[in-house]
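This structure is a prediction, so every number in the text was calculated from the model and none was measured.
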Amino acid sequence: MIKKKQQDVLGFLEANKIGFEEKDIAANEENRKWMRENVPENSRPATGYPLPPQIFNESQYRGDYDAFFEARENNAVYAFLGLTAPPGSKEAEAQAKQQA
């Protein structure tokens, strides 16, 4: 299930030409430690550690898979990622309607 969620996020980023860096936490203890330390307290599970994928923009925490999925369903992924939606995208059009 984790692998499918990771592939879902990566596939979306690649399809939309959004640059990203994938951090392997299974093989790299430093990456795992960094992720655990940088997921905010209120976003961590009650027990155990946050599970991947966890999404960051540089060091700013953006959310987990469920938050990403919800943003995608609402055409709000660029806002979720802290990016400006490209002109002509569904998200940019939705933002323009809201501002009108």
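- Pairs passing the ring pair (Phe, Tyr, Trp, His ring centres under 6.0 Å) check and including a residue from residues 36-60, sequence neighbours excluded, read Trp34-Phe56, Phe56-Tyr61.
- Hydrophobic clustering keeps Ile25 apart from Phe68 (ILVMFWY residues linked when any side-chain heavy atoms are closer than 4.5 Å, directly or through intermediates).
- Rounding to the nearest 0.5 angstrom, the gap separating the OG1 atom in Thr84 from the CD atom in Glu91 is 9.5 Å.
- Here Arg62 contributes atom CZ and Ser43 contributes atom OG; the two are 11.5 Å apart, rounded to the nearest 0.5 Å.
- Residues Phe20 and Phe80 share a single hydrophobic cluster, defined by chaining ILVMFWY side chains whose heavy atoms lie under 4.5 Å apart.
- Side-chain contact check for Val9 versus Lys5: every heavy-atom pair is 4.5 Å or farther apart.
- When all heavy atoms of Asp8 and Arg72 are compared, the closest pair comes out as OD1-NH1, 2.9 Å.
- Gln60 contributes atom CD, which lies 11.5 Å from atom CG of Asn38 (distance to the nearest 0.5 angstrom).
- Inter-residue side-chain proximity for Tyr78 and Asn16 is flagged as met; some heavy-atom pair is nearer than 4.5 Å.
- Taking Glu29 as the reference, Arg32 meet the side chain to side chain donor-acceptor pair (under 3.5 Å) condition, with sequence neighbours excluded.
- Note: the hydrophobic cluster containing Leu10 does not contain Leu51 (ILVMFWY, side chain heavy atoms under 4.5 Å, direct or indirect links).
- Separating the CG atom in Asn42 from the CZ atom in Arg44 is a distance of 9.5 Å, to the nearest 0.5 Å.
- Annotation for Glu70: atom CD does not count as buried by contact number, only 12 or fewer foreign heavy atoms lying within 6.0 Å.
- The environment of CD in Glu73 is crowded: more than 12 heavy-atom neighbours from other residues, nucleotides or ligands sit within 6.0 Å.
- Just one residue in the list Leu13, Val77, Leu81, Asp64 forms a side chain to side chain contact (heavy atoms under 4.5 Å, CB included) with Ile55, and that residue is Leu81.
- To the nearest 0.5 Å, the span separating NZ on Lys23 from CD on Glu30 amounts to 9.0 Å.
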